[in-house]
2 protein chains.
Amino acid sequence: MTSCFPDDPIYRGFDAPGRVEANVFDLEVEGRVPPELDGTFFRVAPDPQWPPMLGHDIFFNGDGMVCAFRFKDGRVDFTSRYAQTDKFVAERQARKALYGAYRNPYTDDPSVAGSIRSTANTNVIVHHGLLLALKEDSPPVAMRPDTLETIGNYRFGDKMTSETFTAHPKVDPVSGELIAFGYSAKGVATSDLAYYVIDRHGEVVHEAWFTAPRAASIHDFAVTENYVVFPVGSLEIETERLKAGKPAFVWRPDVEQIYGVLPRRGNAEDMRWFTVPTNGFQGHTINAWDDGHKVYVDMPMLNDNAFWFYPDENGHAPHPSTLKQTMTRWIFDLSSNSVTPQMDIIPAPMGEFPHIDERYATRPYRHAFLAVIDPTAPYDFQRCGPPSVNAFLNGLAHVDMTTGASRRWLPGPTSTVQEPVFAPRSPDSPEGDGYVIALVNRLDEMRSDLVVLDAQHIDEGPVATIRLPLRLRNGLHGNWVPSSAMRPPVPA
Amino acid sequence: MTSCFPDDPIYRGFDAPGRVEANVFDLEVEGRVPPELDGTFFRVAPDPQWPPMLGHDIFFNGDGMVCAFRFKDGRVDFTSRYAQTDKFVAERQARKALYGAYRNPYTDDPSVAGSIRSTANTNVIVHHGLLLALKEDSPPVAMRPDTLETIGNYRFGDKMTSETFTAHPKVDPVSGELIAFGYSAKGVATSDLAYYVIDRHGEVVHEAWFTAPRAASIHDFAVTENYVVFPVGSLEIETERLKAGKPAFVWRPDVEQIYGVLPRRGNAEDMRWFTVPTNGFQGHTINAWDDGHKVYVDMPMLNDNAFWFYPDENGHAPHPSTLKQTMTRWIFDLSSNSVTPQMDIIPAPMGEFPHIDERYATRPYRHAFLAVIDPTAPYDFQRCGPPSVNAFLNGLAHVDMTTGASRRWLPGPTSTVQEPVFAPRSPDSPEGDGYVIALVNRLDEMRSDLVVLDAQHIDEGPVATIRLPLRLRNGLHGNWVPSSAMRPPVPA
């Protein structure tokens, strides 16, 4: 480069630019990595290749850097590679940013007009042998799970015609189907919603299109054995705002919450809309299930907008420290005429980035694992500076979702955490019997650890700490993929 | 691994294990990288792949990690790769150390008996299109300079039969010859010395064998237009000590210094031995030249043993802080009967890791560039801990070797430096007109910078600071290689 990244908190300290594509073989281990862990922890982080075209940016808008931690026989190998998106390739060629503001194609260099804007930076999953790097404004980017080599934009054999694909698809553990959707499915600021059921071989077996009540973000959704639930957010996107160069999303403070409930193989006429009269900010879906009559969806809810970079029309957004989180169980009663879900509260700790035992996805479950915020835990500001965007995530918790009871582990006053995933001890071990795996940011050493904790004894601290000689800046989502799912890629 | 490296200073802080093979494209730059810099800065560091077999080790005994910083059009790309030595490959296969103590094959696992022990970690040069990774106890390891892929052990078309090859060969800038030697050339603890002249195409054109007066280390040597000089060190190596598991070298405090002077195309009978009655520890050769009658060799000299890990027979070694350094110009008068060189003193600052304008190697010269020790410069022990093995190298200096006058740049109290190299501004710019390039260890950030300074104005500080998102632990030697020397490899 002929410059540096701007002096801005999102590029500072532990979130200073990474941009490192590396292999580190057989990482150092304190403790003992359980030999039954045979698989890969994949995760992705925004890691901008170039300084922002407009001189400033938001945390979400960085090129996806995919990391793989391969576990076998008590040892762990590390690989990181950029997802070679169309954006990444074009910008590498130009040696500078060509894409402008987050989600705003009107700010792009004319040379990339009409192209796919994906940064592929939000989640990475493996399905039918392919690693899919996901960004909700674009189709998936397929990569080889073994080498992290990029294959390219992926449309499930050209059957997926939606312009967008969620970063939070769900896999039904019984059928192996990948259940997914795209919002703004006909392009930026459209209210079209596309819904897909993809079988275990990567074939699209069901598709339905809808019009959402507003052109708003739908970051995550919920899937049960028989239904899907679309939480239509309160962050709206409008073409006129984009053309005027305003932030991509605007918070609508006085709207109701909207949830659409659809049978798994339903069509537009089958959608049933529910509303909640008070506004709220939906967090990530923890899990969901149905009993045939009622649909249960667990998610943390905030009472107001969490995204200060998307204020309301008057430029106002609440300070994050004033937000109140409620662990919520929405109950949609399909056997009645109600248009409002029941809201149960689970007395769980405040946190986000949830994962469950994926063998229980879409079904009744008990165990959840979160990155939590313990405001009483001391944080060494003097030594470590302000925590970065993932801010005060300073612990890992195991929550019993039937009672809200939890156990937690805190990494200490000079560390913060990233999203935990769960790996079962064996294919048929009981629910939640296994290991929690998460990155820990050692801010005092500017280095990352990957910790492995016994999921049912998380408070006892790590059974293994895998020491990286690198700093992995804060990321978004990832998944544990057992070796059995890592068959050679099946080109569609 | 199923463990960590031992808790030992050589693996701590800034020298914590690296083991990162990475690519970072187009590094961040503060300032401006001169666009006339078109070439690669190669360097190598010991970077042990596995914890030491014996539970402890010395800094010199780590697998060579080669780094390349490619400069072009004001931009810099970074690559690091292990030299895939026989040792590296065998130990990766075994996933543990198989080679024992430094330079002591009697401590190795039986499975590697008789193999080449090279760590290829001391220096990297490019000659006849090949990158040669050098360790003085073994033949070179050839690598591709463009990709850092390892080709293998290299013997210049099997013409080099010495078992060892110096890490400090010299290139005659006029003839393009590579002038080299090996000590302990018939194997560990032998006093055989092999001498080679290799032409610009990689062909051995002259070879001579000698017996050195003692089986001692000869780490560096000197080459002029017409002569070569072999400083036979005072660190001896003996088979019986090795078999007894003692440190590989023992300091002989009461011996004289020995220098062998040989015509460039001389044979055993042409060697002329000089001695200095007081002992001394030879530092790296800065440069050397002759006027047909006298041979001049510049090097820093210490009054006693610098390697505390190789004490004398009684286990005594001076504390490094008690050593006295003298910038010495040895003058060997071949036109007289003298057996002792004249010793001139150049009032230059204390330092090591010298480089010169390589276009003036073997010829009269003026400019030298060193890593220096400024004992008055404050070092923040509280914040940064003890400096590592390269200890108090806390500045970069430009020395006028005709007067000893110098200019220096200090990177500050939370940084130390690594070896500087010199890159000419253009192929025909005057001597010393160009840039000094060196790694700076930012101990407070646990991160490395690569600085570029105007060689004639080094005190003005960097014209460019190239920010790495990685920590590169302290290394040994490297070189600037202009693009013109990077033609495709010529396999021998």
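Chain A is the first sequence line, chain B the second, and so forth, proteins listed ahead of strands; every chain is numbered from 1. Just so it is clear, the model here is predicted, and its values are computed rather than measured.
Using a 4.5 Å cut-off between heavy atoms, A:Phe5 contacts chain B through both its backbone and its side chain.
Listed by chain and number, the residues in a ring-ring contact (aromatic ring centres under 6.0 Å, His included) with A:Phe42 amount to none (sequence neighbours excluded). When the side-chain contact (heavy atoms from CB on, under 4.5 Å) test is applied to A:Val76, the partners found at least two apart in sequence or on another chain are A:Leu27, A:Val33, A:Phe69, A:Phe71, A:Ile466.
The two residues B:Met1 and B:Pro51 have their closest heavy-atom pair at SD-CD, 3.3 Å. Taking every heavy atom of both residues into account, B:Ala464 and B:Val29 meet most closely at CB-CG1, 4.3 Å. For B:Ala423 against B:Ile437, the heavy-atom pair with the smallest separation is CB-CD1, 4.3 Å.
Residues B:Leu468 and B:Val24 fail the side-chain proximity criterion, which asks for heavy atoms closer than 4.5 Å.
Top candidate by heavy-atom pairs under 4.5 Å with chain B, chosen from A:Cys4, A:Pro17, A:Gly31, is A:Cys4.
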What are the atom names and distances for all donor-acceptor pairs below 3.5 Å between chain A and chain B?
| unit_1 | atom_1 | unit_2 | atom_2 | d |
| --- | --- | --- | --- | --- |
| A:Met1 | N | B:Asp26 | OD1 | 2.0 |
| A:Met1 | N | B:Leu27 | O | 2.9 |
| A:Ser3 | O | B:Val29 | N | 2.8 |
| A:Phe5 | N | B:Glu28 | OE2 | 2.7 |
| A:Arg19 | NH1 | B:Phe25 | O | 3.3 |
| A:Arg19 | NH1 | B:Asp26 | O | 3.1 |
| A:Arg19 | NH2 | B:Phe25 | O | 2.9 |
| A:Arg19 | NH2 | B:Asp26 | O | 2.9 |
| A:Glu21 | N | B:Asn23 | O | 3.0 |
| A:Glu21 | O | B:Asn23 | N | 2.8 |
| A:Asn23 | N | B:Glu21 | O | 2.8 |
| A:Asn23 | O | B:Glu21 | N | 3.0 |
| A:Phe25 | O | B:Arg19 | NH1 | 3.3 |
| A:Phe25 | O | B:Arg19 | NH2 | 2.9 |
| A:Asp26 | O | B:Arg19 | NH1 | 3.1 |
| A:Asp26 | O | B:Arg19 | NH2 | 2.9 |
| A:Asp26 | OD1 | B:Met1 | N | 2.0 |
| A:Asp26 | OD2 | B:Arg95 | NH1 | 2.7 |
| A:Leu27 | O | B:Met1 | N | 2.9 |
| A:Glu28 | OE2 | B:Phe5 | N | 2.7 |
| A:Val29 | N | B:Ser3 | O | 2.8 |
| A:Arg95 | NH1 | B:Asp26 | OD2 | 2.6 |

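The list of ring-ring contact (aromatic ring centres under 6.0 Å, His included) pairs with a residue in residues 18-40 of chain A, not counting sequence neighbours, is empty.
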